[in-house]
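Structure record follows, encoded as C-alpha cells.
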Amino acid sequence: MASQYYQEMQESFRNNNKSREFQAHTAKVHSVAWSCDGRRLASGSFDKTASVFVLEKDRLVKENNYRGHSDSVDQLCWHPTNPDLFVTASGDKTIRIWDVRTTKCVATVNTKGENINICWSPDGQTVAVGNKDDVVTFIDAKTHRSKAEEQFKFEVNEISWNNDNDMFFLTNGNGCINILSYPDLKPIQSINAHPSNCICIKFDPTGKYFATGSADALVSLWDVEELVCVRCFSRLDWPVRTLSFSHDGKMLASASEDHFIDIAEVETGEKLWEVQCDSPTFTVAWHPKRPLLAFACDDKEGKYDSNREAGTVKLFGLPNDS
C-alpha cells in the first residue's frame, strides 16, 4: 500500500513537473546549493566563478557573479544559519568566503592543495576543505586560520559533519565510510559501505539517516544511531555523483550519468518521480522549504555540433502552467 505521503507527492509532481533552465555560467556548473532560508541559489563553475540567484516565485533571477578564483570552482556551500555567507573551494589552492550583501570576498584562505570538496559545520564555526592529495583542512570560520590538518592514506571523496557536529565523516575510494570524532579527529569506525569507490554523502535534515552514493550505481541509506544500512536504492546504472534530501527528510534525489534524476521516498525506497535530463548530472540540491530541486547537467549549447558547455542551472518542481 502506497503511503499517504507517496500519494500526496505523486499528485504534487503531476501538477508541478516542469523544469526550467537559467543561464548561470560560460562553462559547466559543478555545484549548486541553497541558502538556509531558501531565498538564494549559488552555483560554482569550471569558468572560475560563482553565481548567485534570487528565487522569485517560480524563477531564478541572477543577482551576481563572484570573481576572484584563478581556477575552477569545484564545490560550494552556504553557512548553515546565516543566509548571507557562502564559501567556495577551488583548484587554485584557496577557499573564499563571500557575503551576498556586499558582494565581496570576505576572506581568501590559502590551502596546500587543489581543493575539490568543502562543507560548513552545523554550528557555523568551522569550514572543512578536502584537496586532491587527500588532505582535509579545518578552518576557523571567524579567524580564517587553519585549526587542524589531516592527511589520509586513502582517496577522500566527500566530507561531512553529522548534524550534531560531534562526528566527521569521509567517503573513500575503497568503498568505505570513515568516521572520526570531532573536534579531536580520532578514528571511531570504518564502515565497508560499497564494493567500489564511495563517492558522495549527505545527512538528512532530521538527523535520522545519512545516504551514500557509490561507483557501483547504488545509493545506500544508513541509520545514524546504529550505523547500519537500512536500505539500498538501485534504479541508477552509473556511478552516483550527487545526492540531496528534501527539507522534511522524506525524499532523496540521486543522480549520475543516467539521463534522469531519481527521486525516492526515503522510508520505502519507492520511486516517487524521475526528472528527465539530456546529459549526465553533476549536482542536485533540494530547496530547504519546498519540493523544488535545483540541478546542473553536462549540457552543450548546440543540439547537434557544439562542444560549448551551456553553463545553465535548472529548477524542477515548477507548476506545469508556469
Side-chain angles (χ1 to χ4, degrees), residues 31-42 44 50 52 66 68-69 73-90 93-113 115-131 134-152 156-171 177-189 200-208 210 224-225 244-245 247 249 285 288:
S31 180
V32 292
W34 293 99
S35 58
C36 61
D37 61 1
R39 282 198 61 223
R40 288 181 169 87
L41 180 81
V52 171
Y66 294 78
H69 282 299
V73 176
D74 275 3
Q75 206 173 34
L76 53 74
C77 63
W78 291 83
H79 187 289
T81 53
N82 180 338
D84 297 321
L85 296 178
F86 70 98
V87 62
T88 49
S90 167
K93 302 187 178 183
T94 69
I95 70 162
R96 286 174 178 252
I97 298 175
W98 310 85
D99 189 324
V100 297
R101 291 163 303 189
T102 59
T103 70
K104 287 195 170 52
C105 177
V106 180
T108 302
V109 184
N110 292 301
T111 57
K112 288 192 171 159
N115 299 314
I116 48 176
N117 44 43
I118 196 160
C119 59
W120 211 310
S121 63
D123 64 8
Q125 290 177 19
T126 314
V127 172
V129 58
N131 70 25
D134 308 312
V135 173
V136 177
T137 307
F138 294 85
I139 294 157
D140 186 310
K142 286 202 174 62
T143 65
H144 310 130
R145 287 198 174 87
S146 169
K147 294 200 280 197
E149 201 173 73
E150 288 284 313
Q151 168 75 62
F152 293 94
V156 174
N157 287 320
E158 207 162 55
I159 52 179
S160 179
W161 273 272
N162 63 337
N163 297 17
D164 291 340
N165 217 108
D166 60 0
M167 292 197 283
F168 192 76
F169 288 63
L170 308 97
T171 58
I177 304 162
N178 292 82
I179 308 170
L180 309 177
S181 59
Y182 189 81
D184 44 7
L185 302 175
K186 298 273 181 289
I188 295 179
Q189 199 167 342
C200 46
I201 182 166
K202 277 290 182 300
F203 282 78
D204 97 68
T206 70
K208 188 177 174 186
F210 66 90
V224 169
E225 289 295 309
S244 181
F245 281 97
H247 66 96

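Small disclaimer: the values here were computed from a predicted structure and weren't measured.
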Pair V136-F152, side chain to side chain contact (heavy atoms under 4.5 Å, CB included): steps then yes or no
CA-CA 8 Å; V136 177; F152 293 94; 3.7 Å; yes

I'd like to know whether V129 forms a side chain to side chain contact (heavy atoms under 4.5 Å, CB included) with F138, so could you lay out the CA-CA distance, the side-chain angles of the two residues, the decisive distance to 0.1 Å, and finally the verdict.
CA-CA 7 Å; V129 58; F138 294 85; over 6 Å; no

Salt bridge (Lys or Arg N to Asp or Glu O under 4.0 Å) between E225 and K208, worked out:
CA-CA 7 Å; E225 289 295 309; K208 188 177 174 186; over 6 Å; no

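Annotation: side-chain hydrogen bond (donor to acceptor under 3.5 Å, both in side chains) contacts of N117 (sequence neighbours excluded): none. Listed by chain and number, the residues in a ring-ring contact (aromatic ring centres under 6.0 Å, His included) with H79 are W120 (sequence neighbours excluded).
Side chains of N115 and I95 form a contact here, defined as non-hydrogen atoms less than 4.5 Å apart. A 4.5 Å side-chain heavy-atom check between K104 and D99 finds every atom pair outside the cut-off. For the pair Q75/E158, a side-chain contact is recorded, criterion being any heavy-atom separation below 4.5 Å from C-beta on.
With hydrogens and angles disregarded, no donor-acceptor distance shorter than 3.5 Å links the side chain of S90 to the backbone of T94. In this structure, S181 contributes its side chain and K186 its backbone to a donor-acceptor pair below 3.5 Å. For R145 (side chain) and D140 (main-chain N/O), no donor-acceptor pair under 3.5 Å exists by modelled atom type. At least one donor-acceptor pair under 3.5 Å links the side chain of N162 to the backbone N or O of M167. Counting only distance, with no hydrogens or angles, the side chain of S35 and the backbone of R40 share a donor-acceptor pair below 3.5 Å. Judged by distance alone, with hydrogens and angles left aside, the side-chain atoms of N131 form a donor-acceptor pair with the main-chain N or O of V135 at under 3.5 Å.
In this structure, W161 has its ring center at least 6.0 angstrom away from the ring center of F169. Taking the six-membered ring wherever Trp is involved, the centroid distance between the rings of F86 and Y66 falls below 6.0 Å. A distance of 6.0 Å or more separates the ring centres of F203 and F245.
Contact between P205 and N163 at its shortest, heavy atoms only, is O-ND2, 3.5 Å. The two residues C77 and A33 come nearest to each other via the heavy atoms CA-CB, 4.5 Å. The minimum heavy-atom distance between S121 and D123, with the atom names listed, is OG-OD1, 2.6 Å. L180 and P187 get closest at one heavy-atom pair: CD2-CA, 3.7 Å.
Here N178 contributes atom CG and I188 contributes atom CD1; the two are 11.0 Å apart, rounded to the nearest 0.5 Å. Atom CG of N157 sits about 9.5 Å away from atom CG of L170, to the nearest 0.5 Å.
With no hydrogens or angles considered, no side-chain donor-acceptor pair links S160 and K202 at under 3.5 Å. A donor-acceptor contact under 3.5 angstrom links the side chains of Y182 and T126, judged on distance only.
Within 6.0 Å of atom NZ in K147, more than 12 heavy atoms from other residues, nucleotides or ligands are found, so the atom counts as buried in its surroundings.
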